[in-house]
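Basis for what follows: all heavy atoms, side chains included, without hydrogens, waters or symmetry-related copies. In each ligand, atom 1 is the first atom listed, and ligand 1 is the first ligand listed.
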Amino acid sequence: MDERRWWKESVFYQIYPQSFCDANGDGTGDIAGIISKLDYLAELGIDALWISPVFPSPGYDNGYDISDYEGIAPQYGTMADFEQLLSEAHARGLKVVLDLVVNHTSSEHPWFKAAISGKASRERAYYIWRDPAPGGGPPNNWGALFGGPAWSLDEGSGQYYLHLFSPQQPDLNWENAALRKELYAMMRRWLDKGIDGFRMDVISLIAKPEDFSSGTPCPSGYFDPRGRIAANPKLHVHLREMRKEGLRGSGVLALGEASATTLDSARLLTNPNGSELDMVFQFEHMDLDGGETFKWTDRQIPLPELKKVLFKWQTGMEGRGWNALFWNNHDQPRMISRLGYGEQWREASAKMLATCLHMLKGTPFIYQGDELGMTNMCFTSPEQLKDSESRNAYARYVGDGSIKEADMLHYISLKGRDTARTPMQWSAGAGAGFTAGVPWMPLNPNFRHVNAQEQLHRVDSVLAFYRRLITLRRKHDVIVYGACVPYAAEHPGIFAYTRVLGEQALLVCCNFSAESVHFAPPDGFMQAHTRLLLSSYPQSAYMQAAVLAPYEAVVLLNAPDEKEE
Ligand code: TEU
């Protein structure tokens, strides 16, 4: 069995602070708002919080452009507020994991300001500079993720600096030992405050390869260098050093956002001896409806491909590493909407998707609002868009006439990053209970019927279902440590698998269709000691007739030695 670790046995909850809860009425969420909801979170049953960045930032990328690693942005509160959040979370048994963005800083960070002031500055080498291409222009054809080239010109020196995301997010040069030392010291200061770990933003991209040559362009017109960068073996060298010096060895959670990472690399990154990271988010299943190369379509994720990718990661990581499991985050649309499930099936499909995810092997992450069955936003005007990726894409493709305005808004509502960043829906009242002021981004109009207040005391609510699901994880080791074995992998409408740990076995069957489906269990799952551990419906016909209702998920348990509670 894998070694027991607290973060394997936990359910995490991601807070996007800007949209979580606004205590001071300025329309933007804040730390005091998070504190006010800690009881709600503790009652949900989660174990740990991942808090998206709350550091000072010009906000070009909603805090993923940090201008001071050691402070708290005034819009969120003060360091004293943060310390209170930490101690109140700990008092409720909740661990706190901070978002750490060390692939790049903000262009407003004092390091970058010094670096761009002249070639002689000490911090110049903290960033990545290249001379123009021989004929002039950027050094290669690499594209930035938020549009345009990955290089911007520093007119003073005539050199270009690298930015994989936006020009306001210059990439740090991890080859520079003085920079690494500063970063590790900063991490240790946060650990000294008592945080429990870091979620490390695009950590797979910190080690830039020596090969800075151009590559084959994507439909955007640029080469996407992320695969090449993530494959650089130097990444593992840096992470081992970071583990020793920044994290002071094991014990502190290092959760990596590993975009463009292969299975082989993820096995190294999360190898069980803990020398690098503990677990990673991989994105292969998120890329199935367009990927990062061209997401502005209405293509949907085909279930057979979704299963294929997730099973590859389930079986491929078995005994070799650890997966972080997620359907949603602040960069991804809501999975219910992404799969095209309408209002009629919203609650049923929310419960089914939750079951499917939480029963896989790995650590499940709930993104704020998942537990209510929140959906994508339907944007009707470009003025409503806040995210630079969507705004830039809108300007480019509507601007050059390649995509019609209404179509682009539709694609952005389906796939853009703003669509899951609408404020948390706490109640049907003014401001959805999120704010007493004017919310920083539009509320999803469905807050009047999709909200926490309505679900708190309703026994068949999505929220109540999440509580049951989370409780199960604590009771059955097989949910945490059982190996995942795909079942009926070719079935077009059902996502099914078993989990096996010694004598214990689970069968998980999830109906991804709006039809009732007869679906026979594998041998050994209709024994005297088989019981229905969970169904997402109040009454299930599965044990009697092997029939799954539309979007029903069931979990069966074979536990010969276990007594019925
Ligand atoms: O995201 C990195 C990343 O590569 C993707 O998640 C990407 O933002 C998305 O697929 C674009 O469609 C991280 C953060 O989670 C994101 O919010 C930041 O904008 C980005 O890094 C830069 O810091």
Side-chain angles (χ1 to χ4, degrees), residues 14-19 50-55 57-67 69 97-109 142-148 150 162-172 198-206 218-220 222 224-230 255-261 280-297 301 324 326-335 338 365 367-368 376 385-394 396 411-421:
Q14 183 194 352
I15 291 183
Y16 194 63
Q18 206 153 342
S19 292
W50 151 25
I51 302 178
S52 280
V54 287
F55 312 97
S57 160
Y60 185 83
D61 188 19
N62 287 0
Y64 285 90
D65 47 333
I66 296 173
S67 54
Y69 286 112
V97 167
L98 275 199
D99 217 315
L100 183 78
V101 189
V102 287
N103 176 67
H104 46 267
T105 65
S106 159
S107 51
E108 299 293 310
H109 193 288
W142 295 10
L145 207 69
F146 301 151
L162 179 71
H163 50 81
L164 295 179
F165 291 90
S166 73
Q168 292 82 356
Q169 293 164 294
D171 278 54
L172 286 166
F198 295 105
R199 175 268 186 188
M200 300 181 167
D201 192 65
V202 283
I203 200 73
S204 50
L205 303 184
I206 57 171
C218 302
S220 68
Y222 296 97
D224 178 354
R226 287 177 300 157
R228 192 192 288 176
I229 298 173
L255 159 66
E257 191 202 26
S259 68
T261 292
V280 286
F281 291 114
Q282 62 80 24
F283 289 87
E284 220 179 313
H285 61 308
M286 293 283 120
D287 293 347
L288 291 172
D289 54 4
E292 302 292 1
T293 48
F294 204 75
K295 63 199 241 177
W296 311 116
T297 67
I301 298 179
F326 69 105
W327 289 136
N328 302 313
N329 65 32
H330 64 292
D331 295 330
Q332 300 293 337
R334 301 271 180 186
M335 195 50 112
R338 192 172 189 173
F365 281 72
Y367 174 60
Q368 61 185 47
N376 278 353
L385 304 175
K386 304 283 180 194
D387 176 34
S388 46
E389 182 193 43
S390 301
R391 290 166 68 104
N392 293 347
Y394 184 94
R396 173 168 174 194
Y411 303 150
I412 289 173
S413 303
L414 279 178
K415 309 269 181 77
R417 306 200 304 171
D418 280 326
T419 203
R421 293 178 181 179

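The atoms of ligand 1 that sit less than 4.0 Å from any heavy atom of R226 are 4 (O). Which parts of ligand 1 touch D61 is read off a 4.0 Å heavy-atom cut-off, strictly below it: atoms 18 (C), 19 (O), 20 (C), 22 (C), 23 (O). Shown in contact with H104 at under 4.0 Å from a heavy atom are these atoms of ligand 1, numbered in order with element: 22 (C), 23 (O). Residue K295 has at least one heavy-atom neighbour below 4.0 Å for each of these atoms of ligand 1: 11 (C), 12 (O). Ligand 1 places these atoms under 4.0 Å from at least one heavy atom of E389: 11 (C), 12 (O).
Panel note: side chain D418, backbone D387; a donor-acceptor pair is recorded below 3.5 Å.
Classified by interplanar angle (parallel below 30°, tilted 30° to 60°, perpendicular above 60°), the ring pair F281/F365 is perpendicular. In this structure, F55 and Y69 have perpendicular ring planes: the angle between them is above 60°, well past the 30° mark.
In K415, neither the side chain nor the backbone holds a heavy atom less than 4.0 Å from any atom of ligand 1. Contacts between M286 and ligand 1, counted as non-hydrogen atom pairs separated by less than 4.0 Å, are absent for every part of the residue. With a heavy-atom cut-off of 4.0 Å, N329 does not touch ligand 1 at all. In F165, the part holding a heavy atom less than 4.0 Å from any atom of ligand 1 is the side chain. Counting heavy atoms under 4.0 Å from ligand 1, residue F146 touches it through the side chain alone.
Using a cut-off of 4.0 Å between Lys/Arg side-chain N and Asp/Glu carboxylate O, D289 and K295 are scored as not salt-bridged. Under the 4.0 Å criterion applied to side-chain N and carboxylate O atoms, R421 and D331 are assigned as salt-bridge partners.
For atom 7 (C) of ligand 1, the nearest non-hydrogen atom from the set L164, D99, L145, N103 belongs to L145. The option with the heavy atom closest to atom 23 (O) of ligand 1, from among D201, D287, L205, D387, is D201.
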query = Do W142 and I229 pass the side chain to side chain contact (heavy atoms under 4.5 Å, CB included) test, and can you show the C-alpha distance, the side-chain angles, and the key distance before you say yes or no?
reply = CA-CA 11 Å; W142 295 10; I229 298 173; 4.2 Å; yes
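R396 CZ to Y394 OH: the interatomic distance, rounded to the nearest 0.5 Å, is 15.5 Å.
Looking at residues two or more places apart in sequence or on another chain, you find a salt bridge (Lys or Arg N to Asp or Glu O under 4.0 Å) between D99 and R199.
Residue contacts with ligand 1 include R199, since one or more of its heavy atoms lies under 4.0 Å from the ligand.
Two residues are said to be in side-chain contact when any heavy atoms from C-beta on lie closer than 4.5 Å; S106 and S57 fail this criterion.
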